[in-house]
2 protein chains.
Amino acid sequence: MSTAHAIEPAAGNEAAHAEELLSRVFFALSDPLRRSILERLREQPSLVSELAAPFDVSIQAVSRHIQVLVRAGLVRQSRTGRISTCSLDVGPMFDAAVWINRYSHYWQTQFDTLAHSLEKIARRPEKTETGKSSVNRTRSGRKKP
Amino acid sequence: MSTAHAIEPAAGNEAAHAEELLSRVFFALSDPLRRSILERLREQPSLVSELAAPFDVSIQAVSRHIQVLVRAGLVRQSRTGRISTCSLDVGPMFDAAVWINRYSHYWQTQFDTLAHSLEKIARRPEKTETGKSSVNRTRSGRKKP
DNA sequence: TTGATATTCAACTAATATGTTGATAATATC
DNA sequence: GATATTATCAACATATTAGTTGAATATCAA
């Protein structure tokens, strides 16, 4: 997590605050366990213990994952007594979608480029095909002891 | 960054590989400097030194940010001699958009256009080279302490 | 050849992330 | 009141991130 994820008052700077929130949203989405939590909350509001049940980690760990989601604005918690009900808030996810959508023009561009190259290939079949990006780097990860 | 960012051989597990790539894409997008790099690449392919220029960090730091983007599949580097030209690959970003779009029905009533455009493009056949633009633009980055 | 340029690698440091276990607070339940 | 349940907090260990500086690699240019 970069320094941008740190919560600062962002005194009066709304653009910086939006950037900051966007960073937190994308970071929150970068973990598969957190994405699974969101998937579950997409269906129904749930307790922390219910959200933690499917995973092989402690409920404390899940609680902190939920806190990450809360800080990103993706989850709201309403605590009544012991239990804390978590519910989805897709507002920040929409902001993320808007950011990504600014690249949608290039999806169309890629589509057009492909169509164009296909047309060219149809006329001149000896031309080579386009390369597909493949990511297969290895990075070390932590394992449960 | 969670354990999910670690790559295991993923022997034959295509779903796990897709999850893993999604984690890396969202993580790559969670840093404002990396997002700024993508913004720049949205306009034109650029050298590492050109991408590093607007930021008050060392070129080595930017080089590693680019590596994060490359491992997420968002940036391709073609090195010719000394220089390494970075270009955008929006394919993985599209995958991220598709994931987010599954939450769109929550906001679809208000923001119908985005979901519609995403869904329209959702049936693209393949990834190809991105288009070019000649607009130059700089954005502010983080400051040195 | 010599030197400047472009980029990456290596080693180090500081901060952050994520997991654990144990303690604590608040509230149901007996 | 005594006890179990729900959730969070605290402290700790370890891994990862992200920055730095210095060295290495490769190429271009004079």
Side-chain angles (χ1 to χ4, degrees), chain A residues 1-8 20 23-24 26-37 45-53 55-72 75-87 137-145, chain B residues 1-8 20 23-24 26-37 45-53 55-72 75-87 141-145:
Chain A
M1 200 166 174
S2 81
T3 56
H5 299 276
I7 302 179
E8 276 126 45
E20 161 64 31
S23 295
R24 270 186 266 165
F26 281 131
F27 180 78
L29 296 181
S30 74
D31 186 273
L33 193 148
R34 288 194 289 264
R35 287 200 302 275
S36 291
I37 288 175
S46 307
L47 306 186
V48 175
S49 52
E50 292 170 345
L51 293 171
F55 303 109
D56 199 13
V57 296
S58 65
I59 194 173
Q60 292 97 324
V62 172
S63 176
R64 291 212 300 200
H65 276 297
I66 291 171
Q67 285 173 38
V68 171
L69 292 166
V70 167
R71 280 187 231 118
V75 165
R76 264 172 309 193
Q77 276 181 304
S78 62
R79 190 163 187 175
T80 64
R82 283 181 303 182
I83 67 175
S84 172
T85 303
C86 304
S87 59
R137 289 296 201 84
T138 303
R139 307 180 65 190
S140 65
R142 168 181 25 202
K143 285 287 157 251
K144 216 176 158 185
Chain B
M1 202 165 171
S2 81
T3 57
H5 300 274
I7 299 184
E8 271 112 59
E20 162 64 31
S23 294
R24 270 184 272 163
F26 280 131
F27 179 78
L29 296 181
S30 75
D31 185 273
L33 193 148
R34 287 195 288 264
R35 287 200 302 276
S36 290
I37 288 175
S46 307
L47 307 185
V48 175
S49 52
E50 291 171 345
L51 293 171
F55 304 110
D56 271 342
V57 296
S58 65
I59 194 171
Q60 292 97 322
V62 173
S63 177
R64 291 211 300 200
H65 276 297
I66 292 171
Q67 285 172 39
V68 171
L69 293 166
V70 167
R71 284 185 215 122
V75 165
R76 264 169 308 181
Q77 278 182 301
S78 63
R79 189 159 189 177
T80 64
R82 282 181 304 182
I83 67 175
S84 172
T85 303
C86 304
S87 60
R142 83 182 68 170
K143 300 298 168 210
K144 207 181 283 183

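Reminder, nothing fancy here: chain letters follow the sequence lines and each chain counts from 1.
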Rounding to an integer number of Å, can you tell me how far [X] [atom1] sits from [N] [atom2]?
X	N	atom1	atom2	answer
B:Ile37	D:dA18	CD1	C1'	13 Å
A:Glu50	D:dT6	CD	P	10 Å
A:His65	D:dA7	NE2	C1'	16 Å
B:Phe55	D:dA18	CZ	C1'	14 Å
A:Ile66	D:dA7	CD1	C1'	9 Å
A:Ile59	C:dA25	CD1	C1'	15 Å
B:Leu51	C:dT8	CG	C1'	15 Å
A:Phe27	C:dA15	CZ	C1'	13 Å

For [N] and [X] - does any side-chain N or O of the residue sit under 4.0 Å from the phosphate oxygens OP1/OP2?
X	N	value
B:Ser63	C:dT8	yes
A:Ser84	D:dT6	no
B:Ser58	D:dG19	no
A:Gln77	D:dT8	yes
A:Arg34	C:dT18	yes

For nucleotides 23-30 of chain D, just jot down a letter per nucleotide in 5' to 3' order: B, S or -, based on protein non-hydrogen atoms under 4.0 Å.
---BBS--

With sequence neighbours excluded, residues passing side chain to side chain donor-acceptor pair (under 3.5 Å) with A:Ser46:
none

Once side chain to side chain contact (heavy atoms under 4.5 Å, CB included) is applied, do any residues pair with [X], and if so which ones, sequence neighbours excluded?
X	result
B:Ala53	none
A:Ser36	A:Phe55
B:Leu47	B:Ser49, B:Glu50, B:Ile83, B:Thr85
B:Arg64	B:Gln67

Per B:Arg64 side chain, nearest of listed nucleotides C:dT8, D:dA7, D:dT20:
D:dT20

Nucleotide of D:dA7, C:dA6, D:dT20 approaching B:Ala61 most closely (side-chain heavy atoms):
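Nearest listed nucleotide: D:dT20.
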
Does A:Arg34 use its side chain to pair, donor to acceptor, with the backbone of A:Leu69 at less than 3.5 Å?
no

For the residue pair A:Arg35 and A:Leu29, what are the closest heavy atoms and their distance?
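A:Arg35 and A:Leu29 have their closest heavy atoms at NH1-O, 2.8 Å.
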
